[in-house]
Protein chains: 4
Amino acid sequence: MAGERKDESGRSRGRPRRAEVDRAVLTAAAELLAERGYAELTIEAVATRAGVGRPTVYRRWPTKDDLAVHALVDAVQPLDAPDTGDALDDLCELAISFVIQLSESPLGRVVLGVHAESGRRPQLAAPLRDRYLKPRDAAITGVIERARQQGALHPDLAAETIRDLLFGPLVYHWLITGEPLDRGTAEALIAAARRAISP
Amino acid sequence: MAGERKDESGRSRGRPRRAEVDRAVLTAAAELLAERGYAELTIEAVATRAGVGRPTVYRRWPTKDDLAVHALVDAVQPLDAPDTGDALDDLCELAISFVIQLSESPLGRVVLGVHAESGRRPQLAAPLRDRYLKPRDAAITGVIERARQQGALHPDLAAETIRDLLFGPLVYHWLITGEPLDRGTAEALIAAARRAISP
Amino acid sequence: MAGERKDESGRSRGRPRRAEVDRAVLTAAAELLAERGYAELTIEAVATRAGVGRPTVYRRWPTKDDLAVHALVDAVQPLDAPDTGDALDDLCELAISFVIQLSESPLGRVVLGVHAESGRRPQLAAPLRDRYLKPRDAAITGVIERARQQGALHPDLAAETIRDLLFGPLVYHWLITGEPLDRGTAEALIAAARRAISP
Amino acid sequence: MAGERKDESGRSRGRPRRAEVDRAVLTAAAELLAERGYAELTIEAVATRAGVGRPTVYRRWPTKDDLAVHALVDAVQPLDAPDTGDALDDLCELAISFVIQLSESPLGRVVLGVHAESGRRPQLAAPLRDRYLKPRDAAITGVIERARQQGALHPDLAAETIRDLLFGPLVYHWLITGEPLDRGTAEALIAAARRAISP
DNA sequence: CGATAACCGAGACGGTACGTCTAGTCTTATC
DNA sequence: GATAAGACTAGACGTACCGTCTCGGTTATCG
């Protein structure tokens with residue numbers, strides 16, 4: 001979770017790191033991200049709120065990017081797909097609840113901003129991809145495959161394409177309006193999008 | 001373009017501002033945004049590159065946010081919709097070329113990031129909405145209305161919804177992958193999306 | 001007095017430095033030197049006590065050494081030689097009162113310590129020599145020459161030698177005992193030293 | 001030599017301290033004092049150079065002052081007085097060679113600086129007096145007494161005064177010039193000083 | 001011989017200060 | 001009154017050490 005120590009092999013030497021410190025720092029970082037956003041996140045404030053010295057933060061996460069990504073991933077709870085039997089319904093519900101949840105969380109727009117910035121910073125992109133996108137994508141892809149086996153999806157469309165067609169309109173709406181997505185709007189968008197992905 | 005002067009009425013007194021300074025500063029800001037991103041943009045660097053004193057920058061754009069938004073809007077060229085006769089084709093082509101162009105520009109992800117951050121900062125949101133979103137939305141809505149009159153659109157869908165269904169998947173794909181959108185992918189997404197918005 | 005600005009020639013450009021800041025910083029530095037000594041002098045504390053930002057201190061005196069030397073020289077008042085007619089008496093009195101004064105000042109031992117450290121640090125030595133030693137040496141040498149013309153000094157002894165023979169024992173006594181020099185002891189030492197320098 | 005252990009009475013329990021560690025630390029400290037001076041001496045660097053953990057250093061010498069004084073005393077070899085029969089000659093030679101030796105050693109000015117600082121720090125002063133000054137003073141006083149019995153000294157002058165009159169000028173010269181004392185200068189000063197202490 | 005105690009290295013910990021950088025404001029001389 | 005220059009307060013940056021504390025492990029004495 002925290003920055004790696006040098007001696008990866010065998011038993012670690014010296015005093016071991018306290019896990020409570022990891023927690024305190026990540027929690028403080030997530031709170032500050034929610035309150036002030038990524039641009040105004042300072043290591044100083046994180047350390048103070050966590051009741052920790054600044055070097056202790058740097059020891060674990062050498063850059064602000066590192067810390068922010070880990071704090072975000074740690075704070076944004078994963079979503080698990082429903083399973084009602086109708087996989088297409090499950091998929092649509094997953095998209096709706098996922099985007100609504102994100103758009104209502106104070107961390108949602110931070111996640112979006114970090115994604116946008118990650119194009120320019122590889123060190124931001126790697127952990128974001130591995131720790132955030134991959135797990136969520138796996139869940140989504142699972143439901144898509146279930147739906148495909150139920151014959152509910154257009155056979156020519158790749159899973160990735162289906163994902164973009166369902167999640168894209170919701171996320172875009174939220175991005176443009178800047179306000180939490182309401183369920184009515186979301187369902188209307190999804191209702192239309194279903195026509196795009198049906199067989 | 002630049003920050004307002006006190007005396008709005010009639011002729012201003014004293015030495016007039018030099019328009020070249022406005023241009024130099026905006027150009028410098030846009031370059032630095034493209035090179036280093038929003039987070040690493042400093043007024044100091046902008047002033048230096050523009051060959052201008054720092055207070056001269058502040059006189060026009062009182063905060064970094066102000067400057068950044070204006071520089072972005074100024075730098076990202078507007079896109080005018082094609083008019084081939086088939087308004088739905090025009091609309092799709094508009095979406096594709098718009099997102100491709102944005103995704104290929106070094107400023108594209110900066111625009112995205114500023115959008116994401118704008119949720120938290122009203123002073124960022126207002127000029128962004130007025131100077132960036134509105135003009136582009138007007139162009140898009142125009143084409144949508146043309147298509148609607150040609151009977152090419154599903155009658156139950158609002159213009160806003162159609163916009164989300166077309167642009168959303170493209171932007172989302174670009175956001176997630178982090179790479180410039182290629183035309184093949186874009187056309188595949190739009191081909192499916194057309195089924196969602198057709199009558 | 002303070003660190004030089006680049007453009008020495010002609011009128012300086014930009015906002016001029018405030019002289020009160022110079023004074024506040026030097027005073028704060030001298031106080032802290034007296035209270036805590038050279039080793040525990042921190043720029044941070046100086047800036048805080050002077051009510052000034054740290055960069056403002058660094059702008060004028062780029063290193064702790066620079067600041068300390070200037071503060072010391074500024075704080076230790078010069079001593080002017082008496083002139084009673086008998087130049088040898090004047091010289092002895094000068095030595096006694098000079099060392100007593102230094103030994104009683106809380107800055108005295110700091111001056112001594114900085115002198116000792118100056119051997120290792122040229123940047124400490126240069127301003128110390130130019131701004132502290134030279135003026136005092138000039139005063140002493142003046143009295144010595146007066147005494148020599150009155151035939152009160154051994155003709156074979158250089159002015160430097162006479163200075164060492166008179167001041168050396170007093171300073172050494174103070175250095176070893178660690179306590180302020182009392183006049184009785186000083187006069188006893190000088191009485192003996194006079195035999196060394198008499199014709 | 002090193003800091004005391006709690007249980008002074010009888011045999012100590014537990015693993016005994018390794019004497020080699022004492023040596024390594026003192027040597028490292030003396031080297032660093034010679035290379036960088038007292039102000040830039042850090043426990044960290046001492047421990048690293050000695051190949052030892054930091055707590056191991058603190059266990060023996062709880063403060064930097066403690067360590068520095070012990071390292072200095074340990075490193076500056078004592079000088080033994082010559083005995084040619086003429087005690088006054090012996091005394092003068094002792095003064096000359098003592099100051100020359102000190103002024104040529106890279107540790108000399110450190111000793112001087114620590115002396116100067118010791119006025120402000122009792123914990124620095126005590127070990128310095130006991131372990132450095134006292135032994136040297138005893139040797140000097142011994143020769144002075146021998147000289148006194150040979151009738152070579154002015155009967156009114158205390159041993160302390162004689163010490164100041166002989167050593168003071170040499171040390172002062174070295175302190176002011178900042179350069180190693182050369183024998184010619186030293187002998188000239190002593191030749192004059194002899195007139196001050198002769199009967 | 002096994003328990004106990006102190007040593008040793010490494011390194012985490014909460015801090016303090018470093019010297020630098022940038023923000024946003026201000027003051028000056030010049031245009 | 002705009003401009004270029006630059007001083008100014010404020011505060012974060014990332015680093016170096018501080019002095020203390022835990023670790024795993026070692027080496028002695030003592031019961």
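Reminder, nothing fancy here: chain letters follow the sequence lines and each chain counts from 1.
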(request) Calculate the interatomic distance between D/Trp61 atom CH2 and F/dG19 atom P; express it in whole Å. (result) 15 Å

(message) In this structure, how many angstroms lie between the C1' atom of F/dT22 and the CD atom of A/Glu20, rounded?
(response) 13 Å

(request) Take atom CZ of D/Arg15 and atom C1' of F/dT27, then tell me their distance rounded to the nearest Å. (result) 5 Å

(message) Under 4.0 Å between a side-chain nitrogen and a carboxylate oxygen: does that hold for A/Arg17 and A/Asp22?
(response) no

(request) Would you please name every residue forming a side chain to side chain contact (heavy atoms under 4.5 Å, CB included) with A/Val73, sequence neighbours left out? (result) A/Val69, A/Arg131, A/Tyr132

(message) I want to confirm an ordering. Mapping C/Val21 and B/Val52 to their closest nucleotides on DNA chain F, which one lands closer to the 5' end?
(response) B/Val52

(request) Could I get the full list of side-chain hydrogen bond (donor to acceptor under 3.5 Å, both in side chains) partners for B/Glu40, not counting sequence neighbours? (result) none

(message) Test of understanding: with side-chain hydrogen bond (donor to acceptor under 3.5 Å, both in side chains), list the residues that count as partners of A/Arg18, not counting sequence neighbours.
(response) A/Glu20

(request) Quickly work out the A/Arg60 CZ to E/dA12 C1' distance and round it to whole Å. (result) 8 Å

(message) Output the rounded distance in Å from CZ (D/Arg18) to C1' (F/dT26).
(response) 10 Å

(message) List the residues meeting side chain to side chain contact (heavy atoms under 4.5 Å, CB included) with C/Arg54, not counting sequence neighbours, and say none if there are none.
(response) C/Ile43, C/Glu44, C/Ala47, C/Tyr58

(request) Could you state the atom-to-atom distance from CZ of D/Arg17 to C1' of E/dC8 in whole Å? (result) 12 Å

(message) In this structure, how many angstroms lie between the P atom of F/dC17 and the CD atom of D/Glu40, rounded?
(response) 10 Å

(request) Kindly state each residue pair satisfying salt bridge (charged side-chain N to carboxylate O under 4.0 Å, His left out) with at least one member in residues 62-72 of chain D, sequence neighbours excluded. (result) D/Asp65-D/Arg121

(message) In this structure, how many angstroms lie between the C1' atom of F/dT26 and the CZ atom of A/Arg13, rounded?
(response) 13 Å

Could I get a table of every N or O pair under 3.5 Å where one atom is in the protein and the other is in nucleotides 22-24 of chain E?
from	atom 1	to	atom 2	distance (Å)
E/dA23	OP1	B/Ile43	N	2.9
E/dA23	OP2	B/Ile43	N	3.1
E/dA23	OP2	B/Glu44	N	3.1
E/dG24	N7	B/Arg54	NH1	3.0
E/dG24	O6	B/Arg54	NH1	2.9

(message) Looking at E/dG14, I'd like to know if its phosphate oxygens (OP1 or OP2) sit under 4.0 Å from a side-chain N or O belonging to A/Thr56.
(response) yes

